[in-house]
Amino acid sequence: MGNSKTSFRHDSLQDAKTLKSLLSSLSKGFSKGELTLSDDDDELVLETGDLMNLRIKAEREDGRCVFSLRVTWADPAEAPHAKGTPRIDV
């Protein structure tokens, strides 16, 4: 991959049209198998996995709404750790 950057974080206030565009770009990145996250300061490229864990969370409390989407997967660039064949002794 060649990209040694290991994290990316961005916080900003955006309108719904911009959020829709960003979510559309995420969808295209998942389809392509690679996500490139960047802003004026940072960039992180992630190769996506074949199987991914998805967590969706939403809540409304004290006049504030929160929606969270979390996707995790094993890094395809990292060699999987072989665990061997399981055994059961009786």
Side-chain angles (χ1 to χ4, degrees):
M1 229 158 139
N3 189 343
S4 63
K5 182 101 172 105
T6 60
S7 67
F8 174 83
R9 182 177 178 128
H10 177 89
D11 292 304
S12 64
L13 184 62
Q14 302 292 332
D15 62 14
K17 184 177 179 181
T18 301
L19 292 177
K20 180 182 175 189
S21 176
L22 290 169
L23 290 170
S24 177
S25 294
L26 280 173
S27 176
K28 290 175 186 174
F30 281 119
S31 293
K32 188 172 82 170
E34 182 178 280
L35 298 174
T36 301
L37 307 165
S38 65
D39 59 15
D40 293 339
D41 300 323
D42 290 315
E43 179 178 277
L44 177 64
V45 178
L46 299 173
E47 184 180 343
T48 61
D50 291 330
L51 292 174
M52 295 174 258
N53 297 304
L54 171 67
R55 181 176 73 188
I56 299 172
K57 182 179 174 183
E59 55 187 57
R60 178 185 299 137
E61 188 175 313
D62 297 330
R64 183 176 173 101
C65 298
V66 177
F67 169 77
S68 172
L69 174 66
R70 181 177 177 158
V71 182
T72 60
W73 62 92
D75 187 349
E78 298 289 323
H81 301 291
K83 294 186 179 187
T85 304
R87 290 186 351 207
I88 300 174
D89 296 323
V90 292

Can [Y] be reached from [X] by stepping across I, L, V, M, F, W or Y side chains whose heavy atoms are under 4.5 Å apart?
X     : Y     : result
Met52 : Leu35 : yes
Leu54 : Leu26 : yes
Leu37 : Leu22 : no
Val71 : Phe67 : yes
Ile56 : Val66 : no

query: Quick check: does any side chain N or O of Ser31 sit under 3.5 Å from a backbone N or O of Ser27, one acting as donor and the other as acceptor?
result: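 Such a contact is found between Ser31 side chain and Ser27 backbone.
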- request: Find out whether Leu46 and Phe8 are in side-chain contact, i.e. whether some heavy atom of one side chain is under 4.5 Å from a heavy atom of the other.
  value: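 Heavy-atom side-chain distance check fails, nothing below 4.5 Å.
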Out of curiosity, [X] [atom1] to [Y] [atom2], how far, rounded to the nearest 0.5 Å?
X     : Y     : atom1 : atom2 : answer
Glu43 : Asp40 : CD    : CG    : 12.0 Å
Thr48 : Lys32 : OG1   : NZ    : 10.0 Å
Arg55 : Ser68 : CZ    : OG    : 5.5 Å

- prompt: So with a 6.0 Å cut-off around CG of Asp15, is the heavy-atom count from everything else above 12?
  reply: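 Counting neighbours around CG of Asp15, more than 12 heavy atoms of other residues, nucleotides or ligands fall under 6.0 Å, so yes.
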- request: Measure across Trp73 and Glu47 and return the closest heavy-atom pair with its distance rounded to 0.1 Å.
  value: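 Closest approach of Trp73 to Glu47: NE1-O, 2.9 Å.
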